[in-house]
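Residues: numbered from 1 along the sequence shown. Source: prediction; values computed, not measured. We count ligands from 1, going down the list as the structure has it; atoms in each ligand are counted the same way.
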Amino acid sequence: MGKTIAQKIIAAHLVSGEMRVGEDVGLRIDQTLTQDATGTMAYLEFEAMGVPRVKTERSVAYIDHNTLQSGFENADDHRYIQTVAKKHGVYFSRPGNGICHQVHLERFGAPGKTLIGSDSHTPTGGGIGMLAFGAGGMDVAVAMGGGEYHINMPTMTKVELTGRLSAWVSAKDVILAVLQKLSVKGGVGKIIEYGGEGVKTLSVPERATITNMGAELGATTSVFPSDEITKAFLEAQGRGGQWVELSSDPDAVFDEVIHIDLGALEPLAACPHSPDAVKPVRELSGMKIDQVCIGSCTNSSYLDMMRVAAVLKGKTVHPDVSLSIACGSKQVYNMLAANGALADIIAAGARVLECACGPCIGMGQSPNSAGVSLRTFNRNFEGRSGTADGQVYLVSPETAAASAISGVFTDPRGLGEAVRVPMPERFLINDNMIVPPIEEVLMETVEVQRGPNIKPLPIAGPLEESIARKAVLKVGDNITTDHIMPAGAKILPYRSNVPYLSQFCFGVCDKDFPERCKREGGGIVVAGHNYGQGSSREHAALVPLYLGVKAVIAKSYARIHAANLANTGILPLQFQDEADYDRIDPMDWLVLPNVQKEIQAGGPVTLVDETKNVQIMLDAVLTPRQRDMVLAGGLLNYTKAEGKA
Ligand code: MIC
Ligand code: SF4
């Protein structure tokens, strides 16, 4: 039987397990990436494993998230990452060099390779034909040490693209259309492969916009074929030798096929506060706006920025609007400076930011109270912008630029003739901001610098025979990791300081949560569907662990977060009967009387709600390997006990 692209790459990297849907498969990982908001923790975990040198083909540490240095904390963490990377064989992309996913696509990504990154948008690499996964920091640490990366073998969805995008409609509108069809949980357990005639009309950066935001579908990852267009992109990056052709076999079997006629798409926007709350821009047109932010790993390529510059050329940003622009990489920034497009952007009145995540993660540029902010980013979760009542809409760069000038939501199709930006035959290549690691024989000469903000990470003990705790929190569907462990300029500098972070845990849902946990000696969290969607931040598991959370009981989970819970040693449990969710009230006394034995046996887990005097049956969302992991008290304990590192 023929194979899909993903099945081919998985087969070529399979170390353990069988490629049957739902089964645990362990993959060899060729490349890893980290960023600074998750990286400090990932390298602390790597150091705890005691492996002297990374065993991957290429590992890269990026600095792009925590770039506001309003105290010593971020700068100290950057020093730590720089020195630990140098010592252990990791390439270091200096602050100012750009956003991890954009730079990785330009300089390191290669078709047919596996990549995991401690960032949920790592599937951006699917745009160049990589099988790229977002993962928790511990998983990345283990992969750097040569260990396997485990996923449940996903089902295969094909998105068949036909036709060609009309003028002023862009790749962002394609993925917004997919989100409208599938919703933020429609991709869970799936790999999404793009195919069909329409693929040929999309450049690599456009494909990467689409695979990037596949993260918002909850998909395991997304991937495009590697074809002549991929080859031309790699050649233009001076890396033509890394090209291999990759496509699914004609008789490959997909579990689901979705058709999208590119020619029928129109400009779209995701409305507050969810990436799947999608409407046509024409329905919103005329709405007054306060802010426009262009950039992020979704839309900050050379093509995107050139189109924006063309729209802004000779115009002035509307007096009631603040427009910020951040290029995705130094390469893009430098090319715009060299060809004059940057001058057009500056002349129009844009506030040009450094190449980094910036406003996307709430590092500055929070909108005014109740402000309407149009962003070319990928997430508009409540509060993520840093303004609690900010109204964030996700749009294409074309819609963003057109609206910045008019001061109201504007359909860019009214701008007249399309802007045609040719793909450069040669990008400006200058890797002077990527520091290679030191040779292995000299590694002892490198002293790893640790700032006072680095605090030990919490480590769980082995699973107890029984658990009895209160239901310290009950939440609904689609709770994001931004709800569980918010980010933003004020909190992000403490990503290596779990005790400090803990004061903000679940702050968006319930400000008293941390105090209640302390008072009650920890507890159990009860949740609805798609619990933990969004970011890969393992802090959304480590911080609850620190506060004494022993288990989560949800209707269903987002993939990376479920894995992060198991990695830290918190039990991810699921209702057998969803209706039982309604039987538990906050502060009920919950008992898992035989939990250790039941987990060992791999069967259902019994819960007794002693307040209601009812018994509820649960399943553990754990593979056999994760069962052993939770029994041992998390991935670090398990890896040590197994002698795997
Ligand atoms: C995000 O977009 O939410 C982040 C910030 O990039 C996160 C990682 C983090 O929380 O540090 C992600 O997507 O994984
Ligand atoms: Fe950075 Fe935003 Fe991309 Fe996350 S989504 S990696 S914060 S640009």
Does the distance from a Lys or Arg side-chain N to an Asp or Glu carboxylate O, for Asp77 and Arg495, drop under 4.0 Å? no

So Phe224 and Tyr194, would you call those rings parallel, tilted or perpendicular, with 30° and 60° as cut-offs? parallel

Suppose we measure from atom 2 (O) of ligand 1 to each protein heavy atom; which comes out shortest, and what is that distance? Arg384 NH2, 2.8 Å

Ser403 side chain to Phe409 backbone, donor-acceptor under 3.5 Å: no

Donor-acceptor contacts under 3.5 Å from residues 171-180 side chains, at least two apart:
unit_1, atom_1, unit_2, atom_2, d
Lys172, NZ, Asn299, OD1, 3.0
Lys172, NZ, Thr376, O, 2.6
Lys172, NZ, Phe377, O, 2.8
Lys172, NZ, Val395, O, 3.0
Asp173, OD1, Leu268, N, 2.9
Asp173, OD2, Ser170, N, 2.9
Gln180, NE2, Val278, O, 3.3

Heavy-atom distance to atom 9 (C) of ligand 1: which of His121, Arg495, His539, Met485 wins? Arg495

Mark yes or no for whether Asn74, through its side chain, and Gln69, through its backbone, hold a donor-acceptor pair below 3.5 Å. no

Neighbouring protein N, O or S atoms of atom 2 (Fe) of ligand 2 [cut-off: under 2.8 Å, no waters]: Cys360 SG

Go through ligand 1 atom by atom and flag the ones less than 4.0 Å from a non-hydrogen atom of Thr38. 9 (C), 11 (O)

For atom 13 (O) of ligand 1, what's the nearest protein heavy atom and its distance? Ser120 OG, 2.5 Å

Please identify which atoms of ligand 1 are closer than 4.0 Å to at least one heavy atom of Ala37. 11 (O)

Under 3.5 Å donor-acceptor, Asp276 side chain and Val184 backbone: yes

Between Lys113 and Ile9, the two heavy atoms sitting closest are O-CG2, 4.3 Å

Among all protein non-hydrogen atoms, which one is nearest to atom 6 (O) of ligand 1, and what is the separation to 0.1 Å? Asp119 OD2, 2.6 Å

Just by distance, do the side chain of Thr221 and the backbone of Ala132 share a donor-acceptor pair under 3.5 Å? yes

What atoms of ligand 1 come closer than 4.0 angstrom to any heavy atom of His65? 4 (C), 5 (C), 6 (O)

What is the distance from atom OG1 of Thr32 to atom OH of Tyr149, rounded to the nearest 0.5 Å? 12.5 Å

Any idea which atoms of ligand 1 are less than 4.0 Å away from a heavy-atom of Ser536? 12 (C), 14 (O)

May I ask you to list the atoms of ligand 1 that are less than 4.0 angstrom from any heavy atom of Ile361? 5 (C)

Suppose we measure from atom 8 (C) of ligand 1 to each protein heavy atom; which comes out shortest, and what is that distance? Gln35 NE2, 3.1 Å

Within the 4.0 Å heavy-atom shell around Ser535, which atoms of ligand 1 are there? 3 (O), 7 (C), 8 (C), 9 (C), 10 (O), 12 (C), 13 (O), 14 (O)

Check for a donor-acceptor pair, side chain of Asp290 on one end and backbone N or O of Val372 on the other, with a separation under 3.5 Å. yes

For atom 10 (O) of ligand 1, closest protein heavy-atom neighbour: Arg537 NE, 2.6 Å

Given 3.5 Å as the limit, does a donor-acceptor pair link the side chain of Gln365 with the main chain of Met363, or not? no

Show which atoms of ligand 2 fall inside a sub-4.0 Å distance from at least one heavy-atom site of Asp119. 6 (S)

Can a donor-acceptor pair be found, under 3.5 Å and without considering hydrogens, that links the side chain of Ser556 to the backbone of Asn530? yes

